[in-house]
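Both ligands and their constituent atoms are indexed starting at 1 by order of listing.
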Amino acid sequence: TLRSEDNEELRFDDNFLFGVASAAYQIEGAWNEDGKGESIWDHMLHEHPEYTEDRQNGDVAADSYHRYRDDVKIVKEMNMDFYRFSISWPRILPNGDLSLINAKGVEYYNNLIDELLANGIEPMVTMFHWDLPYALQELGGWANRHIATYFRDYADLLFKTYGNKVKWWITLNEPQSFCRGYSGDHFLAPGVEHPGVGEYLCGHTALLAHAHAYHLYEETYRAKQKGEVGITLNSFWYTPKTENDKNAAERAIQFWLGWFANPVFSKEGNYPQVMRERVAANSAKEKLRRSRLPVFTQEEINYIKGTADFFGLNHYTTNYAEEGEEGKTPSADRDAGAIITQNASWPSSGSDWLKVTPTGFRDLLNWIRNAYGDVRIIITENGFSDRNTTVDGILLDDGRVTYFEEYLREMHKAIYTDGVKVFGYTAWTLIDNFEWLHSYQERFGLYYVNFSDPSLTRSAKKSSIYLGEIALTHVVPSQGVQLIASSILL
Ligand code: GBH
């Protein structure tokens, strides 16, 4: 079964951290205010409103650029130890490079960080959550390996400017997701369509960029600032569809998680062997002179290896993998050699890809420990979407409470039964926001936002009260859904 079946009370250690996450493009709005430059998401959705479900974009979103005090207030209401947010690169550097530093942008994040610290909340900063300066996309974006150097300059500015106040840094959010913006798969920005090539070039640059930021911190900032630098990778759990599909499931996880985790967290470094072999073999069949997967020198392998103080993991759901091929020729999907499906009977959410499959969480955490040893893991995202249209249905979000309860139970087993070193948990997401191509139709928030009301008030959902109790007590109560009185809300 993929559901969690027990319901006893569970306790987390006192020093276990609880937090909540967001991302700049999804909440800030103010897309062209106070000197902010254009990002690839601004550009793509202004050119192609039809890419999103309801033709809307993040121009205004939840207006957190002006309402960040409201955001901090609710992080505090939920008793969270930290707030994971991202900095918009083009808000700080409108041209992408150091030719222009936007003082108003720098000030905005100073204000946000100060507001958090004044409320006893640790800032955890994601440097890049998908909103590349469009100026850099004109130079090829992540497909151009020189962009790694631009990222280092940007990281340098962030460490220098905020590093005395920020102790938690995440270089990149989900490179395996944003690199799909170069494969044409899902119209993720920049919407470049070079499947089988673009995603690998992007990944190569992203790994170098990450390593640059880590080494820079190590050499220049760590001794004084004493913070930690990590990377956030996302992975579904892949379970074999039948007894005969075990290799396919292993390949799937090596292609999607190992792609970035192996170079950084494994002992030997580099892309997973199965990935190097399969992409090379397919490339040869296509009569190409060299593999579509770029090759690292031994020096680069050593340079990237070990460049993380912690492993940030975003996890939401489980997929089946079975033997076979799918996807365009060529594409990373096809190279992986696995057919990915889900079971229609698994409990659903508001997102077609997200099924409620909590036991996969424990399996994934164990897989990571087996593959990479006792790396310190922090869950940087985990959450549930719905599409309810009535406000009551949205505020009384039992589906989300159940999801959190079951996933926390499985994570607890991974930590306290299996011994996986998870030191913190971050719920996705603080408030309803711009859910990329699904725009404002899929809601992941712990707080409700009415996007047609100009005041964009944040209202507590039941799940925010539930998680707020857990963050305060470090206890997952038995039968959580039933315990939360709806009357608190209405
Ligand atoms: C995270 O990605 C993101 O970090 C976050 O910004 C986002 O809001 C959150 O998840 C919820 O989605 O639409 O069928 O093409 C999670 C991994 C990768 C899952 C892309 C959805 C697209 C599926 N995501 N994937 S589809």
Side-chain angles (χ1 to χ4, degrees), residues 19-28 39-41 51-54 58 61-62 64 84-88 124 126-132 170-189 191 195 199 202-203 206 231-238 252-253 255-257 259-260 312-319 326-328 331-333 340-342 348-357 360-361 364 378-387 400 403 407 426-446 449:
V20 63
S22 69
Y25 186 68
Q26 295 180 273
I27 64 167
E28 283 179 4
S39 78
I40 56 174
W41 277 91
Y51 282 5
T52 69
E53 199 172 306
D54 56 10
S64 289
R84 174 183 177 228
F85 63 94
S86 83
I87 291 183
S88 160
M124 179 179 290
T126 310
M127 298 173 163
F128 181 73
H129 199 125
W130 307 2
D131 45 356
L132 189 75
I170 293 166
T171 55
L172 306 174
N173 180 70
E174 298 191 355
Q176 61 274 63
S177 294
F178 71 73
C179 284
R180 293 202 155 223
Y182 296 80
S183 74
D185 277 345
H186 299 287
F187 301 115
L188 294 183
E199 64 271 49
C202 168
I231 186 169
T232 280
L233 306 179
N234 64 294
S235 192
F236 298 149
W237 174 242
Y238 294 92
I253 195 161
F255 260 79
W256 302 123
L257 180 59
W259 180 8
F260 293 95
L313 177 69
N314 291 357
H315 176 71
Y316 290 87
T317 197
T318 292
N319 284 334
E326 65 180 1
K328 293 173 200 150
S331 63
D333 284 329
I340 304 302
T341 53
Q342 289 185 321
S348 60
S349 72
S351 309
D352 54 10
W353 56 271
L354 203 178
K355 304 285 190 272
V356 184
T357 51
F361 194 12
L364 175 62
I378 178 168
I379 307 308
T380 41
E381 285 180 31
N382 175 239
F384 174 87
S385 64
D386 51 37
R387 284 178 171 255
R400 183 167 292 102
Y403 180 97
Y407 276 69
T426 320
W428 182 266
T429 180
L430 181 65
I431 48 181
D432 289 337
N433 62 36
F434 181 76
E435 177 52 26
W436 310 111
L437 301 182
H438 302 287
S439 191
Y440 300 100
Q441 302 308 313
E442 291 181 7
R443 293 174 179 269
F444 277 87
L446 296 168
V449 177

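Thr318 approaches Gln342 most closely through the heavy-atom pair O-NE2, 3.0 Å.
The residue from Tyr316, Phe444, Tyr403 that alone fulfils the ring-ring contact (aromatic ring centres under 6.0 Å, His included) condition with Phe384 is Tyr403. When each of Leu430, Val20, Thr232 is tested with Arg84 by the rule side-chain contact (heavy atoms from CB on, under 4.5 Å), just one qualifies, namely Thr232.
The closest approach between a heavy atom of Arg180 and any atom of ligand 1 is not below 4.0 Å. Using a 4.0 Å cutoff on heavy atoms, Gln26 counts as a contact of ligand 1.
At a 4.0 Å heavy-atom cut-off, ligand 1 touches Ser177 through the side chain alone. Under 4.0 angstrom from ligand 1, the non-hydrogen atoms of Asn173 all belong to its side chain.
Considering backbone and side-chain N/O atoms, His438 comes within less than 3.5 Å of an N/O atom of ligand 1.
The side chain to side chain contact (heavy atoms under 4.5 Å, CB included) test applied to Ala189 returns Ile40, Trp41, Met44, not counting sequence neighbours. Ser235 pairs by the side chain to side chain donor-acceptor pair (under 3.5 Å) definition with nothing, not counting sequence neighbours.
Between Glu442 and Ser351, the side chains place a donor N or O and an acceptor N or O closer than 3.5 Å (distance only, hydrogens not considered).
With distances taken over non-hydrogen atoms, the option nearest atom 7 (C) of ligand 1 out of Glu442, Glu435, Glu174 is Glu435.
Near Glu381, meaning under 4.0 Å from any of its heavy atoms, are these atoms of ligand 1: 1 (C), 3 (C), 4 (O), 5 (C), 9 (C), 10 (O).
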